[in-house]
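To start, the structure itself, in structure tokens.
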Amino acid sequence: MNSEKLILYQVFTRLYGNRNTSRKEGGTIEENGCGKLNDFTPSTLKKIREMGVSHIWYTGIIRHATMTDYSAFGIPRQHPAVVKGRAGSPYAITDYYDIDPDLAEDVPQRMQEFEALVERTHKAGMKVIIDFVPNHVARQYHSICKPDGVKDLGEDDNPQMGFDPQNNFYYCPGQRFAPYLDLYHGEPEPYLEDPAKATGNDCFNNAPGMNDWYETVKLNYGVDYYAGGVGHFQPIPDTWSKMTDILLFWAKKGVDGFRCDMAEMVPAAFWQWATDKVKFAYPDKIFIGEVYNPAEYRNYLAAGFDYLYDKVGMYDTLRAIVCGHQSTHAITGAWQATDDIRDHMLYFLENHDEQRIASSFFAADAMKGVPALVVSALLQQNPLMVYAGQEYGERGMDKEGFSGNDGRTTIFDYWSIDTLVRAARGRLTVAEKRLRDIYNKVMTIAGSEQAVTAGSTFDLMYVNGHLQRQYAFLRTYKADALLVVANFEGLERTVNVTIPAHAFDFLRLKEKTAQAVDLLTGEKQKLVLKRDASVSITLQPNSAAILKFKA
């Protein structure tokens, strides 16, 4: 049984601490400012910990392609034709062994600043997660910080071979890189790549389009895509060794785990090999996989992943319910689909890839996400992820530059997040403070109530067919019980929730009159608990009752 629920707080490091409110569309770092590693002060980290957070995912730590020129510090300049946005995507890595200079107060000391951040985070009682981007790198990848004796990616490649198991990249021999974009991008000389390398999203020709990941190149793990995806894993491909060394490098720095970008685009055989080596040296390190194909979930868990995104199951289901497209009964199907691996599924409602709940593209009102938060946080023992700003109802409706007005917070531009700036300055609205308090309570309940962290779950929906916009379940652990009823309607509702005899037997509940307290409001209520009888519960709009009683 899990003794602590993993509650992950994702921060987009470049944006989190930035208090510059210029917000010029497509602005430079000088115009729009940039958050720093040092913005995560002991007091800032203490506040995050007090939300119930156990792990912080610092997104965008490793040096990646950018239009900002750091050549004065010996950092290679990137050609702007192959950079998305002024700040660049943190998923176009230019040096796996380096820290992004944008995040440093003192650029030459950037690694020391990161090491100090790891230490501060640990002192605040939290663990550190960073991105590991294994599938692709920036087109102009070049490590200047690699340890002695380490060869760069592609250094020993034979570019005359489209595929070779020991090459780090895939090539288009005899063809120059000729994408459907401007290769000058304001520079006197065009970007030149000859022969062209295959593009990160499995585009194996020399001419990726605007919707391809044209700023990246695909890494070769010994899979011959030119021959239909045949694996050549003996002898061990060179890329396997290089990438495992990178994981071990960061593990040695005190990083506690890795959120592995597009993990399913890299063969499970590599993950098994790499996670085995990392966990042998560092048994407590965790791996979180971005995997979207449910048919592959169990393969990647067997290959060493601790947790996987539950995007196409629970996230998509909850989003559809919040938006009124599905009944709450769909939640039952969503958790049942992964019931055998339930402790390994990471639930979330927002991250850097998804639209903000409060955006016009999703619910247009952050309060509408509260019942979904309660379900995500309390239904199982598995982890929960919250994206910085979500707790204030950040709307993500800015048109930042490369990232247009799409309901997402940009990952490509220099920007600052309105709600985070106002929260730091004590200028939140009454509604934002209320939402923050709800998030703090729900996350704290999720992390501290043993019925949630170590208890059993009983879904009540199969005997409550009349509930179409409410979702009800029980959690118990020893003498503690929680009856949770989430209301996805924007209206106050009094509902009758039947508790079947099977629930009494399965959870060892006694028939009795119990004194319950709502952990969200502090209000007390008597619950008359009888087999196959119902209890009446009044629910506030877009909220939930979390009724704690003695089993």
Side-chain angles (χ1 to χ4, degrees), residues 1-10 45 49 52-59 61-62 96-97 111 114-134 147 150 221 233 236-237 239-261 263-264 266-291 296-310 338 340-347 380-385 446-448 450 452-454:
M1 289 278 184
N2 296 353
S3 57
E4 184 188 22
K5 188 179 178 88
L6 190 155
I7 299 179
L8 182 61
Y9 189 62
Q10 181 189 5
L45 291 166
R49 178 64 181 142
V53 171
S54 62
H55 293 63
I56 302 187
W57 166 17
Y58 293 107
T59 308
I61 288 289
I62 298 175
Y96 279 117
Y97 290 101
M111 184 60 79
F114 174 71
E115 289 165 350
L117 173 62
V118 172
E119 192 176 329
R120 284 197 305 279
T121 306
H122 288 160
K123 273 190 180 166
M126 293 175 291
K127 293 186 173 173
V128 172
I129 306 291
I130 66 167
D131 289 285
F132 177 58
V133 188
V150 171
Y221 286 83
F233 304 151
I236 294 297
T239 304
W240 288 27
S241 301
K242 283 191 167 84
M243 299 306 278
T244 304
D245 286 346
I246 290 159
L247 286 166
L248 289 165
F249 172 85
W250 292 104
K252 192 175 180 181
K253 294 277 181 198
V255 166
D256 300 290
F258 302 93
R259 177 268 183 193
C260 301
D261 184 68
E264 70 187 310
V266 172
F270 160 74
W271 291 115
Q272 187 149 13
W273 195 79
T275 59
D276 186 57
K277 284 187 163 30
V278 173
K279 291 186 180 193
F280 180 78
Y282 303 96
D284 296 330
K285 304 302 180 190
I286 65 169
F287 286 81
I288 301 169
E290 184 186 17
V291 177
E296 291 292 334
Y297 286 172
R298 291 150 190 87
N299 292 338
Y300 281 83
L301 289 172
F305 278 94
D306 299 279
Y307 306 106
L308 302 176
Y309 273 37
D310 200 329
T338 55
D340 60 313
I341 51 173
R342 62 181 178 267
D343 288 351
H344 302 283
M345 303 311 295
L346 173 71
Y347 287 171
Q380 310 273 17
Q381 295 172 22
N382 61 319
L384 170 75
M385 178 164 70
S448 61
Q450 283 194 297
V452 179
T453 62

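Keep in mind that what you see is a predicted model, and the values were worked out from it rather than measured.
Tyr9 meets the ring-ring contact (aromatic ring centres under 6.0 Å, His included) test with no other residue; sequence neighbours excluded. Taking Gln272 as the reference, nothing meets the side chain to side chain donor-acceptor pair (under 3.5 Å) condition, with sequence neighbours excluded. By the side chain to side chain contact (heavy atoms under 4.5 Å, CB included) test, His344 pairs with Leu301, Ile341, sequence neighbours left out. Asp284 is linked by a salt bridge (charged side-chain N to carboxylate O under 4.0 Å, His left out) to nothing, counting only residues two or more places apart in sequence or in another chain. Judged as a salt bridge (charged side-chain N to carboxylate O under 4.0 Å, His left out), and not counting sequence neighbours, the contacts of Glu119 are Lys123. Residues passing the side chain to side chain donor-acceptor pair (under 3.5 Å) test with Ser54: none are found, sequence neighbours excluded. Remark: Glu290 engages Arg259 in a salt bridge (charged side-chain N to carboxylate O under 4.0 Å, His left out) (not counting sequence neighbours). Among residues two or more places apart in sequence or in another chain, the ring-ring contact (aromatic ring centres under 6.0 Å, His included) test is passed with Phe233 by Trp240. Residues passing the ring-ring contact (aromatic ring centres under 6.0 Å, His included) test with Tyr58, sequence neighbours excluded: Phe40. Qualifying salt bridge (charged side-chain N to carboxylate O under 4.0 Å, His left out) partners for Asp256, counting only residues two or more places apart in sequence or in other chains: none.
Of all heavy-atom pairs spanning Asn382 and Arg342, the tightest one is CB-O, 3.1 Å. Smallest separation of non-hydrogen atoms from Ser448 and Thr453: N-CG2, 4.3 Å.
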Report the C-alpha separation of Tyr297 and Val291 in whole Å, then their side-chain angles, then the decisive distance to 0.1 Å, and conclude whether the side chain to side chain contact (heavy atoms under 4.5 Å, CB included) test is met.
CA-CA 7 Å; Tyr297 286 172; Val291 177; 4.0 Å; yes
For Tyr221 and Met243, run side chain to side chain contact (heavy atoms under 4.5 Å, CB included): C-alpha distance rounded to whole Å, both residues' side-chain angles, the deciding distance at 0.1 Å, then the answer.
CA-CA 10 Å; Tyr221 286 83; Met243 299 306 278; 3.3 Å; yes
Quick one, Ile288 with Trp57, criterion side chain to side chain contact (heavy atoms under 4.5 Å, CB included). Give me CA distance, side-chain angles, the key distance, then yes/no.
CA-CA 11 Å; Ile288 301 169; Trp57 166 17; over 6 Å; no
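Residue pairs that meet the salt bridge (charged side-chain N to carboxylate O under 4.0 Å, His left out) test with at least one member in residues 266-282, sequence neighbours left out, are Lys279-Asp306.
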Listed pairs under 3.5 Å, donor-acceptor, residues 245-255 side chains, sequence neighbours left out:
from: Trp250; atom 1: NE1; to: Tyr96; atom 2: O; distance (Å): 2.9
from: Lys253; atom 1: NZ; to: Glu115; atom 2: OE2; distance (Å): 2.6

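Put simply, the side chain of Thr275 does not reach to within 4.5 Å of the side chain of Phe305, judged on heavy atoms.
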